[in-house]
Amino acid sequence: MEKREELYAGKAKSVYATDNPDLLVMHFRNDTSAFDGKKREQLERKGAVNNQFNAFIMEKLQAAGIATHMEKQLSADESLVKRLDMIPVECVVRNIAAGSICRRLGIPEGTELNPPTYELFLKNDALGDPMINESHALSFGWATQEQLETMQKLTFRANEVLRQLFLDGGMLLVDFKLEFGVFHGEVLLADEFSPDGCRLWDRQTREKLDKDRFRQDLGNVVESYEEVGRRLGMTFSYA
Ligand code: ADP
Ligand code: UDP
């Protein structure tokens with residue numbers, strides 16, 4: 001496999017073509033952003049930590065029957081993935097209220113959500129990723145009914161698997177965001193699952209161990225991501 005030209009540089013990752021038109025190299029950079037890119041910083045080791053964290057979680061999800069874009073981890077901060085036509089809709093499940101749902105609906109942070117909520121957001125930085133519903137996705141052609149059903153089913157299945165995985169490590173999975181894409185007609189889980197795109201609290205103390213440490217200037221951002229990994233039995237390499 002040969003790495004070729006950069007196709008896209010997002011806020012946290014860069015994507016490269018390869019000599020195989022069906023495969024991409026995904027490079028996890030140290031860039032960290034929040035509030036639609038308005039707050040930005042470089043955090044040492046973050047790219048490597050998120051790449052390895054994502055590879056670990058994607059393997060767990062794959063084993064639980066969720067088809068993903070992951071081919072293999074290539075290095076500390078790069079992975080080989082299938083090249084998908086991305087569906088521009090972010091799927092968010094919440095087990096506990098935090099972040100935008102608290103602001104939008106006036107719910108106190110920490111309120112248990114039973115059953116968990118499921119929300120869709122349009123992936124569009126310029127518009128601030130507005131919340132949408134299935135009818136919008138259908139009318140504007142962002143996804144088909146069948147794709148929406150698959151995305152919802154896979155997102156809830158991921159919640160079951162990951163809630164237990166984190167609980168076993170003494171953590172609460174508060175909420176998370178998933179992105180999907182289409183590969184030769186099949187909906188696959190894409191992008192990443194890392195502490196950048198979920199909320200994780202210590203089960204006992206409710207200490208935040210995710211990107212809220214960056215959003216809220218709590219310090220020790222990457223150190224907390226590493227702690228989450230350690231609690232799941234991971235070891236990281238930075239070479
Ligand atoms: P953003 O675009 O939100 O700034 P990133 O910095 O994470 O995000 O950039 C990664 C980009 O690659 C995202 O736009 C994501 O939707 C896209 N992407 C993720 N997985 C795949 C894939 N398998 N095939 C094609 N594009 C992908
Ligand atoms: N999220 C994400 N990317 C986005 C928006 C949200 O990864 O563009 C994640 C976020 O980290 C959290 C969950 O989705 O784990 C729900 O985010 P929320 O709607 O509360 O928005 P926030 O207040 O985090 O901006």
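Both counts, for ligands and for their atoms, begin at 1 and track the order of listing. Heavy atoms only: backbone and side chains are in, while hydrogens, waters and symmetry mates are out.
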Practice problem: Of the side chain and backbone of Leu188, name the one, both, or neither that has a heavy atom under 4.0 Å from an atom of ligand 1. | Solution: neither
Quiz item: Would you call Ile57 and Leu165 a side-chain contact if the rule is heavy atoms closer than 4.5 Å?
Solution: yes
Quiz item: What is the closest protein heavy atom to atom 4 (C) of ligand 2, and at what distance does it sit?
Solution: Glu90 OE1, 3.4 Å
Quiz item: Considering only protein heavy atoms, which is closest to atom 7 (O) of ligand 1, and at what distance to one decimal place?
Solution: Lys13 NZ, 2.5 Å
Practice problem: Consider only side-chain N and O atoms of Glu149 and Gln145, and report whether a donor and an acceptor are under 3.5 Å apart. | Solution: yes
Practice problem: Would you please classify the geometry between the Phe156 ring and the Tyr118 ring as parallel, tilted or perpendicular, with 30° and 60° separating the classes? | Solution: tilted
Quiz prompt | Val15 neighbourhood, listing ligand 1 atoms whose heavy-atom distance to it stays under 4.0 Å | solution = 12 (O)
Quiz item: Taking 4.0 angstrom as the limit, do Arg230 and Glu226 come out as a salt bridge?
Solution: no
Practice problem: Go through the side-chain N and O atoms of Arg94 and Thr111 and say whether any donor and acceptor fall under 3.5 Å apart. | Solution: no
Quiz item: Can you tell me which residue and heavy atom of the protein come closest to atom 8 (O) of ligand 2, and the distance to 0.1 Å?
Solution: Asp129 OD2, 3.0 Å
Quiz prompt | Asp191: numbered ligand 1 atoms lying under 4.0 Å from its heavy atoms | solution = 7 (O), 10 (C), 13 (C), 15 (C), 19 (C), 20 (N)
Quiz item: Is Glu109 salt-bridged to Lys208, cutoff N-O under 4.0 Å?
Solution: yes
Quiz prompt | Residue portion contacting ligand 2 (non-hydrogen atoms closer than 4.0 Å) for Lys211 | solution = neither
Practice problem: Return the option from Asp212, Asp175, Leu173 holding the heavy atom at the smallest distance from atom 15 (O) of ligand 2. | Solution: Asp175
Quiz item: Any N or O of Ser100 that comes nearer than 3.5 Å to an N or O of ligand 2?
Solution: yes
Practice problem: Tell me whether Phe236 is reachable from Leu43 by hopping between hydrophobic residues (I, L, V, M, F, W, Y) whose side-chain heavy atoms are closer than 4.5 Å. | Solution: yes
Exercise. Consider every N or O of Asp125 and every N or O of ligand 1, then say whether any pair is closer than 3.5 Å.
Key: no
Quiz item: Do the charged groups of Glu119 and Arg104 touch, with an N to O distance under 4.0 Å?
Solution: yes
Quiz item: What are the atoms of ligand 1, with element, lying closer than 4.0 Å to any heavy atom of Leu24?
Solution: 24 (N), 25 (C)
Quiz prompt | Nearest-0.5 Å distance that lies between atom CD in Gln73 and atom CG in Leu80 | solution = 11.5 Å
Quiz prompt | Contact with ligand 2 for Asp196, non-hydrogen, under 4.0 angstrom | solution = yes
Self-check item: Shared hydrophobic cluster, Phe193 / Phe121 (ILVMFWY, side-chain heavy atoms < 4.5 Å)
Solution: no
Quiz prompt | Atoms of ligand 2 close to Arg94 [distance to a heavy atom under 4.0 angstrom, numbered from 1] | solution = 16 (C), 18 (P), 19 (O), 20 (O)
Quiz item: N/O of Arg83 under 3.5 Å from N/O of ligand 1, yes or no?
Solution: no
Quiz item: Regarding Lys46 and the six-membered ring of Tyr225, is the cationic atom NZ or CZ under 6.0 Å from the ring centre and inside 45° of its axis?
Solution: no
Self-check item: Min heavy-atom dist Lys123 to ligand 1 below 4.0 Å
Solution: yes
Quiz item: Please state which protein non-hydrogen atom is closest to atom 10 (C) of ligand 2 and give its distance, to 0.1 Å?
Solution: Arg215 NH2, 3.5 Å
Exercise. Using a strict 4.0 Å cut-off to heavy atoms of Cys198, name the atoms of ligand 2 that fall inside it.
Key: 11 (O), 15 (O)
Self-check item: Aromatic plane relationship, Tyr16 with His27 - under 30° parallel, 30 to 60° tilted, over 60° perpendicular
Solution: tilted
Quiz item: To the nearest 0.1 Å, how far is atom 22 (C) of ligand 1 from its closest protein heavy atom, and which atom is that?
Solution: Lys82 O, 3.7 Å
Self-check item: Proximal atoms of ligand 2 relative to Gly99 (non-hydrogen, under 4.0 Å)
Solution: 20 (O), 23 (O)
Exercise. Give the single entry among Lys11, Met26, Glu179 that approaches atom 18 (N) of ligand 1 most closely by any heavy atom.
Key: Met26
Practice problem: Check the pair Arg83, Glu71 against salt bridge (Lys or Arg N to Asp or Glu O under 4.0 Å), reporting the backbone distance first and the verdict last. | Solution: CA-CA 10 Å; Arg83 182 179 192 155; Glu71 286 285 312; over 6 Å; no
Exercise. Only counting residues at least two apart or in another chain, list the ones meeting side-chain hydrogen bond (donor to acceptor under 3.5 Å, both in side chains) with Asn50.
Key: Ser194, Asp196
Quiz item: Quick one: does Ala12 get an N or O within less than 3.5 Å of an N or O on ligand 1?
Solution: yes
Quiz item: Taking side chain as C-beta onward, heavy atoms only, is Val89 less than 4.5 Å from His136?
Solution: no
Practice problem: Only heavy atoms count here, so choose which of Tyr8, Phe28, Phe183 is nearest to atom 2 (O) of ligand 1. | Solution: Tyr8
Quiz prompt | Heavy-atom nearest neighbour of atom 9 (C) of ligand 2 within options Glu119, Glu179, Lys123, Lys177 | solution = Lys177
Quiz item: Can you list the ligand 1 atoms lying under 4.0 Å from a non-hydrogen atom of His69?
Solution: 20 (N), 22 (C), 23 (N)
Self-check item: Structural part of Met86 in contact with ligand 1, heavy atom criterion under 4.0 angstrom
Solution: side chain
Self-check item: Arg199, Lys11, Met131: member with heavy atom nearest to atom 16 (C) of ligand 2
Solution: Arg199
Quiz item: Is any side-chain heavy atom of Thr150 less than 4.5 Å from a side-chain heavy atom of Phe180?
Solution: no
Quiz prompt | Atoms of ligand 2, numbered as shown, that sit under 4.0 Å from any heavy atom of Arg103 | solution = 23 (O)
Self-check item: Closest protein heavy atom (residue, atom, distance) for atom 24 (N) of ligand 1
Solution: Leu84 N, 3.1 Å
Quiz item: Do Glu112 and Asn95 get their side chains close enough for a donor-acceptor pair, meaning under 3.5 Å?
Solution: no
Exercise. Please identify which atoms of ligand 2 are closer than 4.0 Å to at least one heavy atom of Ala98.
Key: 20 (O)
